Every structure is written in structure tokens, then in C-alpha cells.
2 protein chains.
Amino acid sequence: MLEAPQRRRAVLHEARCQTCSLSSLCLPLALELEDIDQFDAIIRRRAPLKKGEHLFYQGDAFNSVYAVRSGSLKQVTSEGGGHDQLTNFYLPSELVGLDAIDEPHYPGSVIALETTTVCEIPFDRLDQLSEKLPELRGQIYRSMSKELRNDRRMMRLLSGKTADQRLATFLVTLSDRFRRRGYSPYSFRLSMPRADIGNYLGLAVETVSRIVSRFQSQDVVAISGREVNILDMAKLQRLAEEEPA
Amino acid sequence: MLEAPQRRRAVLHEARCQTCSLSSLCLPLALELEDIDQFDAIIRRRAPLKKGEHLFYQGDAFNSVYAVRSGSLKQVTSEGGGHDQLTNFYLPSELVGLDAIDEPHYPGSVIALETTTVCEIPFDRLDQLSEKLPELRGQIYRSMSKELRNDRRMMRLLSGKTADQRLATFLVTLSDRFRRRGYSPYSFRLSMPRADIGNYLGLAVETVSRIVSRFQSQDVVAISGREVNILDMAKLQRLAEEEPA
DNA sequence: CGCTAGATTGACGTGTTTCAAACCAAGTGG
DNA sequence: CCACTTGGTTTGAAACACGTCAATCTAGCG
């Protein structure tokens, strides 16, 4: 590939995996330079999604997985009755749609929480390419496996933890994900409303709000609206793990 | 392969994928005959596990995934503190260990609930083979993807459902898994104690017991000890989905 | 035939939800 | 520029589902 040797920097930066700041976290992670080009060639860029727009709807035909480039999304599964369940938040470098691979349709809708850009990766082409590139194949396995472990952690949280532990865990986990991406782990912005947090954690909105207030009065965090400042990370981690009597 | 054209039937039945009654549900699902032989060649048979024995321990080095051949297993993840979490039950034809692929160690222990036999599949060899056999690769992707969706369903259950809905869902799901495997969906045996069910569903043992009793008094099921008889499947499914006032 | 792990049942306490209302920030239109 | 929405957040009081504690019962098994 590489047929257009010189373009404007900005375009390159936007358009190519090699220059993407996320390449060390994203699928190309383990690839050689020339392999990245092959991988790059199958990617489709998409117009940015605005807040509230759907990347796809539950039931849409599955064709592609998506890598988040900037912004954030939520995945919701609705089933018979109005009761939707929020099953995941996606941040930059994470892969969306892995849970649809063996189905003709996406099992849930994915919605932008803010202005969000993604790279579309047609799955059939990804699979073909993964035949030639063992590292890519490994990376796909790893991504899915990692998501499985995340889900198990989540199940543990929903099954065994108290509301306080859940929210503390949520904040610690988010903080960690930001840190890995090079952002401050102590100060960040929630892109989702309280209702989404509640739905995700299996708590009523009111409960989320109450616990936020409590954490503030204990000087663990300072949260105003969606701005989060973690004041005492150690204490927050303690809250997340065990809550003795 | 196929160098031993004639052996005793019983041995063949035990030892080869082609004659395994689960081949239509298991990994070889989509493979051609000759490909199955290749696949078969990398499998290691293991001595049966007795009830309570570990297939592997949390923290053991990850080398293989396992296909359940007969019996059943549970996966438990323990973390700092005594609080174990049961994250999955495995039935025949299901794949154990997929959540360890991108880690050096298994993230949880897997323990036999009864006498259980498994096929060991060294992962590096499986991965190599999947390079040559696109169908096999697809099958691995599908298995993982399916497990992801299962986990999401579980998250939804733990997050939003009442205790009654959880138990009803548990029974319906089990029933369905038995049906797919050619067993009666109405009459089966639970291989796990109540405590495990409770742990899995995020409920106290006592709650499980009480709801079992309640379901019985409503003539939805007849459960004595671990023998389950589903009397009114429609009602059970209704209970699993929504519980109106 | 008694022992012990597992299962059941009851009474009580409590964390979380639910219902209801007030509050707040950010738009929007007059 | 200020009422007036509108969507989201917070706070309070009451109801309830589930967990905990404790006792009893059952079944498998040496």
C-alpha cells in the first residue's frame, strides 16, 4: 500500500494506524510496520458520532467490529419489556462488537456518550488477515479473552458487592483505564449520566447519588457534576475491596 | 493420520473426535472429516476427574483449553479475602479456559462437580492449526463470542433481576442446555449443591432454598434434593422474564 | 446406626429501592 | 435579559426484598 507518500500531516494523523496515538493499545499492538500497513488497509474511517447517536442498533446485521478512537460509548441490551441493561462502557483503543461474532445480528445497541470517532474493521477481512498474521490473531484472542475476564469481574461485583463497593470499584477501574491511556488517574470527567452508572452497576440512580455524596463527605473524592477528583486513592481502593463492619 | 484403521469400538468411542457424540456441538463442529483428524491429533485425553478434584488451580500456568466430554465443572475465582465467586458452570461440549488466553495464568480454579472427563487442547497447537483451518478459527471466535454474550446475560440477571427471576432463569437456562445436548429439558439432575447455585446467582443459600419451596408450592417445578422436574415450563419462563406486581 | 454435610424453615435486621419532591444548570424563546 | 422549560441530580421518608443468625431436619455414608 502506501501509494500516497506525502499528504498533509493532519490527515495522516487522522487516517493511519501508524501515526495513531492509540496504536500501542489497539489491535495493531503486536504487529510489524509492514503488517500494520496491511491491517491499516482494511480499516474504514467513519464520520464522528455525536452524543446520543447510535454506532449500530441491536438487531442490525453484524459485519464489523469497531475500535474506539476518541470519545466513549455505551452498550445497552433491551429485551422484551422496557427494561434495558447497560452492559459496557467503551473508551479509546477498546474494541466494540466482539460479542456479535457468532451471530448474524448485534446483541445490543451501542450509543455515543459524547462526540466519538471510531475505526470500522470489517470482520471477514480481519479474519482473513489474521490467517496470515499470527500476531494479529493472538491480539484478537487476547482482546476477547480480556473482555471475558472483565465480564467475570463485573459479575463478581454485581453478585457479591455492596453499593458502596460497587461505586468505589467503578471509580477505581475508570481511573485505571484513564491512567493506561496517559490521562490523569486522579482527575477526569464522567461522560455518562448518573442513570447510566446506576444501570451499569445494578443500582437505583438515587443510590448512586447518595453514595457520591457520602464519599465526598468522607473526603475520598470531590465530584461536582461530572468532574471527578480522587482525593484519597488508597481509601477508595480499600472501599472497593472490602467493607468491614 | 488414521494409521490404526481398526480398533475396538469402545476405545474408538472414547478416544476420537469423529466418534464422539458431542462432535456436533464441540469445536470440530464445522470441520471436514480430514480436518477433524488433524484436530484430533492435538487433543490429549485425560484421566477422569472425581467429584471435587481440580482440573486446574487459579494461578496455574495457562497452556491448554479443555472441552468437557462428560460430567460438569464449576469455575471459582477467589481474591484477597475468603470471598470466592462462582463465575460459571460447564457442561459437556463446552470450552473451559478461554478467559485465560491472554494471561500467563488461569484467572480461576475449575473443579469437577461429579465424575468428569475432559479433552485437553494445548492452546499453542490449536492456534497453529487454526491458521490452516479457517473453520476452526471461526469456531474459536464463535465460542468466545458466545461466552461473552452469556456473561452479558448473566450481568443483566445479577444487575436487574429479583431473586425469583434469577432462580427461574437459572432453571430455564439449564433446561435449555440439556435440551440442546439431547437430554430431557423437563427432567434433570443438578450436579451442584444449593450453596453453589446461591453463590453463582448472587443469593444466600437460604434464599435459594426458600424460592425452590415457593416454586414447588406454585406447582411450577417439583424438586427433591437435586432431582428437578419442570411441571410448567411456560410459567417458569414467565417468572424468569418479568415479575409484575 | 450414628455422624456430618447439606438443605430447609423461621424470626429478625438492614441495605437498597421506591415514591415523591425539590433543586440545579443549561438552553430557549419572548 | 429574564421567565420558563427540560434533563439531570440530590435529598428525604417509607416499604420491602434479601441477608444474617439460629434451630431443625434430611440424606448420604462409613
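In what follows, every heavy atom counts, from backbone to side chain, and hydrogens, waters and symmetry copies are set aside. Note on naming: letters A, B, ... go to the chains in the order of the sequence lines (proteins, then strands), and numbering restarts at 1 for each one. The structure presented is a predicted model; accordingly, all values stated were derived computationally and were not measured.
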Please write out each protein N/O paired with an N/O of nucleotides 21-27 of chain C under 3.5 Å, distance rounded to 0.1 Å.
none

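For the OP1/OP2 pair of dT8(C) and a distance below 4.0 Å, the side-chain nitrogens and oxygens of Arg194(B) include at least one atom meeting the criterion. In this model, the phosphate group of dA17(D) is not approached by any side-chain N or O of Thr207(B) to a distance below 4.0 Å at OP1 or OP2. Residue Ser213(A) places at least one side-chain N or O closer than 4.0 Å to OP1 or OP2 of dT11(D).
Per the geometry, CZ belonging to Arg210(B) stands 11 Å off P belonging to dT8(C), to the nearest Å. One interatomic measurement links the two molecules: CD of Glu206(B) to P of dA17(D), which rounds to 18 Å at whole-angstrom precision. dA5(C) atom C1' lies 18 Å from atom CE of Met192(B), rounded to whole Å. The CD1 atom of Ile223(A) sits 18 Å away from the P atom of dG8(D) (whole-angstrom rounding). Protein atom CG of Leu113(B) is 15 Å distant from nucleotide atom C1' of dG6(C), rounded to whole Å.
A distance of 6.0 Å or more separates the ring centres of Tyr106(B) and Tyr57(B).
Within the nucleic acid shown, Arg226(B) comes within 4.0 Å of sugar-phosphate atoms alone, with no base atom in reach, counting heavy atoms only. Gly198(B) comes within 4.0 angstrom of nothing in the nucleic acid, heavy atoms only. Gly202(B) comes within contact range of the sugar-phosphate backbone alone, with a heavy-atom separation under 4.0 Å but no base atom that close.
Across dA7(C), dT9(D), dC19(C), the shortest atom-to-atom separation from the side chain of Pro193(B) is found for dA7(C). Picking from dT9(D), dC18(D), dT9(C) the nucleotide with the shortest atom distance to the side chain of Leu203(B) gives dC18(D).
A heavy-atom distance below 4.5 Å is not found between the side chains of Lys51(A) and Thr115(A).
Mapped onto DNA chain D by nearest heavy atom, Lys51(B) and Ala204(B) fall at different nucleotides, with Ala204(B) at the one closer to the 5' end.
For the pair Gln58(B) (side chain) and Ser78(B) (backbone), a donor-acceptor distance under 3.5 Å is present.
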